[in-house]
Engineer: 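Got a structure here, written out as structure tokens. Questions coming.
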Amino acid sequence: MTPARSWLYVPAHDERKIAKARTAGADAVILDLEDGTPADRKEIARDLVARELADRPGPTRYWVRINAVEPGTGWEADVDAAHAAAGLVIAKVSRADQVRAVHERAGERELAPIVTENAAGVLAMAETLTAAPTVRVAFWGSEDLQADLGARAVRDDAGDLLDVFRVVRSLFLIHCAAAGVAAVDTPCLDIRDLDAVATDSRAAYLLGFAGKQVIHPAHVPNVNAGFLPTDAEVAAARAVLAAFGDRDGGAYRVAGGMVDQPHLRSAKAVLARATEAGATP
Ligand code: COA
Ligand code: MG
């Protein structure tokens, strides 16, 4: 199954938003038991999570974000409340033993660690992304990292990521590729700027991200669209396949340029994503 493109966070104590998320069109909904839920509502939120997961037909996959694997956060109760979830997003991962502890409790449920929420996490990605066989997708985020670094901003006035966050994003992509894990991008936080969501999603897709975290339902359509190959990209990929025919290797001229094995590999990936998302006949 292709990794989800849009991953919509919903504060898990908020029944109104949970209801709204059902029809938001997100590939995945993340019921958030961590920072989206106030400390004094965690118990109520766990009950709502269990109830929401009990009967959830339809194409949207339901994940639950659990609290950091540290003493006293209640992460064990989070895992148990989410027993019917497709997977668990693990907040603030900085050590491999945190991922292994959740894996032991969660069994075969998929795990998606957020691995850049603090400086220690950034330095441990090689270990955390390979800590359990059920880690097939991972997230990076910039906001908690900003707080951990003591940085005053994440983006410049034009909305572009500042240097240190660009470096972390690139390292994250490289570590994910090396670990064979799908990479999910940080969310857009400006609720009204739908153009930025479209531009950001497209740029992330072109870099190799599989999807993007989302904090508002209004962002979902632009994220879903941004992570689909365009008609022109599908046509270009088909041209590469046609040039190879049934030959296994070699270099060819396509649209005035040279293509060989890496281009064939990329073209197949483009067509696979387009086909699985139902975007191409
Ligand atoms: N999931 C589901 N529904 C949402 C939603 C979300 N993430 N964000 C907003 N909505 C709903 C609202 O409840 C509202 O529904 P209504 O028309 O039935 O009242 C509608 O969408 C419009 O919302 P809007 O007024 O634009 O936003 P808001 O001011 O109510 O909420 C936030 C703004 C930021 C608090 C909200 O978007 C949110 O909670 N986002 C997720 C936060 C989160 O989980 N953070 C942790 C991970 S980074
Ligand atoms: Mg956070």
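Sequence positions, counted from 1, serve as the residue numbers for this chain.
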Engineer: Determine whether Val154 and Gln146 make a side-chain contact, defined as any pair of heavy atoms from C-beta on separated by less than 4.5 Å.
Structural biologist: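 Contact flag for Val154/Gln146 side chains = yes.
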
Engineer: Are Glu127 and Arg95 close enough for a salt bridge, meaning some N to O gap below 4.0 Å?
Structural biologist: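 No, Glu127 and Arg95 are not salt-bridged.
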
Engineer: Does some side-chain heavy atom of Pro133 sit less than 4.5 Å from a side-chain heavy atom of His103?
Structural biologist: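 In contact.
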
Engineer: When hydrophobic residues are tied together by side-chain contacts of less than 4.5 Å, even through go-betweens, does Leu8 share a cluster with Leu194?
Structural biologist: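 No.
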
Engineer: Show your working on salt bridge (Lys or Arg N to Asp or Glu O under 4.0 Å) between Arg105 and Asp80 and close with a plain yes or no.
Structural biologist: CA-CA 8 Å; Arg105 198 173 184 99; Asp80 297 348; 2.8 Å; yes

Engineer: Counting N and O atoms only, with roles assigned by atom type, does the side chain of Asp32 sit under 3.5 Å from a partner on the main chain of Ala12, one being a donor and the other an acceptor?
Structural biologist: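 Not a single qualifying donor-acceptor pair exists.
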
Engineer: Please say whether more than 12 non-hydrogen atoms of neighbouring residues, nucleotides or ligands are located less than 6.0 Å from CZ in Arg247.
Structural biologist: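 Enclosed.
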
Engineer: Is there a side-chain contact between Arg202 and Asn222 in this structure, where contact means two heavy atoms from C-beta onward sitting under 4.5 Å apart?
Structural biologist: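 No, side chains not in contact.
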
Engineer: Salt bridge check, Lys42 against Asp78: does any charged N sit closer than 4.0 Å to a carboxylate O?
Structural biologist: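 Salt bridge between Asp78 and Lys42, a charged N being under 4.0 Å from a carboxylate O: no.
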
Engineer: If you measure from CG on Asp144 to CG on Leu149, what distance do you get to the nearest 0.5 Å?
Structural biologist: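 CG of Leu149 is found 11.0 Å from CG of Asp144.
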
Engineer: Start with the C-alpha distance between Glu108 and Thr134, add both sets of side-chain angles, then the distance that settles side-chain contact (heavy atoms from CB on, under 4.5 Å), and finish with yes or no.
Structural biologist: CA-CA 7 Å; Glu108 285 316 302; Thr134 46; 4.0 Å; yes

Engineer: Side-chain contact test, heavy atoms from C-beta onward, threshold under 4.5 Å: evaluate it for Phe139 versus Val115 and give yes or no.
Structural biologist: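 Of all side-chain heavy-atom pairs linking Val115 with Phe139, none is under 4.5 Å.
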
Engineer: Between Val184 and Gln213, is a side-chain contact (heavy atoms from CB on, under 4.5 Å) present by the stated rule, with each step listed?
Structural biologist: CA-CA 7 Å; Val184 176; Gln213 297 160 74; 3.9 Å; yes

Engineer: So which heavy atom on Arg100 is nearest to which on Ala131, and how close?
Structural biologist: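 Taking Arg100 first and Ala131 second, the nearest heavy atoms are CG-O, 3.4 Å.
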
Engineer: Atom CD1 of Ile18 and atom CZ of Arg51: how far apart are they, to the nearest 0.5 Å?
Structural biologist: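 Output value for this atom pair is 8.5 Å.
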
Engineer: Is there a donor-acceptor contact under 3.5 Å from the side chain of Asn67 to the main chain of Leu33?
Structural biologist: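 Flag set: sc Asn67 to bb Leu33 pair under 3.5 Å.
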
Engineer: Does any non-hydrogen side-chain atom of Lys268 lie less than 4.5 Å from one of Leu241?
Structural biologist: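 Yes, at least one pair of side-chain atoms sits under 4.5 Å.
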
Engineer: Do the non-hydrogen side-chain atoms of Val10 and Glu52 ever get within less than 4.5 Å of each other?
Structural biologist: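 When only atoms from C-beta onward are counted, Glu52 and Val10 do not touch, as no gap falls below 4.5 Å.
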
Engineer: Over 60° means perpendicular and under 30° means parallel, so tell me whether Phe209 and Phe172 are parallel, tilted or perpendicular.
Structural biologist: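 Ring orientation, 0 to 90° scale: parallel.
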
Engineer: Does Arg109 use its side chain to pair, donor to acceptor, with the backbone of Val79 at less than 3.5 Å?
Structural biologist: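 Indeed, once roles are kept as given, a pair shorter than 3.5 Å links the two residues.
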
Engineer: Got a donor-acceptor contact below 3.5 angstrom from the His13 side chain to the Ile44 backbone?
Structural biologist: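 Between the backbone of Ile44 and the side chain of His13 there is no qualifying donor-acceptor contact (under 3.5 Å).
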
Engineer: To the nearest 0.5 Å, how far apart are NZ in Lys92 and CG in Leu145?
Structural biologist: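 Spacing of NZ (Lys92) from CG (Leu145) equals 11.5 Å.
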
Engineer: Let's go through Leu31 and Leu53 carefully: what are the C-alpha distance in whole Å and the side-chain angles of both, what is the deciding distance for side-chain contact (heavy atoms from CB on, under 4.5 Å) to 0.1 Å, and is it a yes or a no?
Structural biologist: CA-CA 10 Å; Leu31 302 172; Leu53 293 175; 4.3 Å; yes

Engineer: So which heavy atom on Trp63 is nearest to which on Ala112, and how close?
Structural biologist: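 Nearest heavy atoms, Trp63 then Ala112: CZ3-CB, 3.6 Å.
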
Engineer: For Phe227, is there any backbone N or O sitting under 3.5 Å from a side-chain donor or acceptor partner on Arg273?
Structural biologist: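 Yes; judged by distance alone, with no hydrogens or angles, the pair exists.
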
Engineer: Tell me, do Lys212 and Asp200 make a side-chain contact under 4.5 Å, heavy atoms counted?
Structural biologist: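 Counting from C-beta outward, Lys212 and Asp200 do come under 4.5 Å.
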
Engineer: Are the side chain of Glu110 and the backbone N or O of Gly87 linked by a donor-acceptor pair below 3.5 Å?
Structural biologist: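 The answer is no, because no donor-acceptor pair under 3.5 Å joins these two groups.
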
Engineer: I need the Leu48 CG to Arg41 CZ distance, nearest 0.5 Å.
Structural biologist: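 Rounded to the nearest 0.5 Å, the CG-CZ separation comes out at 8.5 Å.
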
Engineer: Is a donor on one side and an acceptor on the other found under 3.5 Å between the side chain of Glu233 and the backbone of Thr230?
Structural biologist: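 Yes.
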
Engineer: Could you check Glu34 against Tyr9 for side-chain contact (heavy atoms from CB on, under 4.5 Å), going step by step and ending with a plain yes or no?
Structural biologist: CA-CA 11 Å; Glu34 201 227 6; Tyr9 281 106; over 6 Å; no

Engineer: Could you tell me whether the side chain of Thr116 and the main chain of Gly141 form a donor-acceptor pair under 3.5 Å?
Structural biologist: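 Indeed, once roles are kept as given, a pair shorter than 3.5 Å links the two residues.
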
Engineer: Say whether, by atom type as modelled, one donor and one acceptor occur between the side chain of Arg5 and the main chain of Asn224 under 3.5 angstrom.
Structural biologist: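 Yes, Arg5 side chain to Asn224 backbone: donor-acceptor pair under 3.5 Å.
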
Engineer: Going through the distances and angles, do Trp7 and Asp27 end up as a side chain to side chain donor-acceptor pair (under 3.5 Å)?
Structural biologist: CA-CA 6 Å; Trp7 298 74; Asp27 287 348; over 6 Å; no

Engineer: Taking the side chain as every heavy atom from C-beta outward, state whether Val89 and Ile114 have any pair of such atoms under 4.5 Å apart.
Structural biologist: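 Side-chain contact under 4.5 Å: yes.
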
Engineer: Nearest 0.5 angstrom please: His219 NE2 to Ile191 CD1, how far?
Structural biologist: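 Rounded to the nearest 0.5 Å, the NE2-CD1 separation comes to 6.5 Å.
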
Engineer: For the atom pair CG (Asn118) and CG (Leu123), what is the distance rounded to the nearest 0.5 Å?
Structural biologist: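 Spacing of CG (Asn118) from CG (Leu123) equals 9.5 Å.
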
Engineer: So, for Gly36 and Pro11, which heavy atoms are closest and what is the spacing to 0.1 Å?
Structural biologist: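 Nearest heavy atoms, Gly36 then Pro11: O-CB, 3.4 Å.
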
Engineer: Side-chain donor-acceptor pairs under 3.5 Å in residues 255-267, sequence neighbours left out?
Structural biologist:
unit_1	atom_1	unit_2	atom_2	d
Asp260	OD1	His263	ND1	3.3
Gln261	NE2	Asp248	O	2.6
His263	ND1	Asp260	N	2.9
Ser266	OG	Pro262	O	3.2

Engineer: Is the backbone N or O of Ala68 less than 3.5 Å from a side-chain atom of Thr73, with the two atoms forming a donor-acceptor pair by type?
Structural biologist: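 Between the backbone of Ala68 and the side chain of Thr73 there is a qualifying donor-acceptor contact (under 3.5 Å).
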
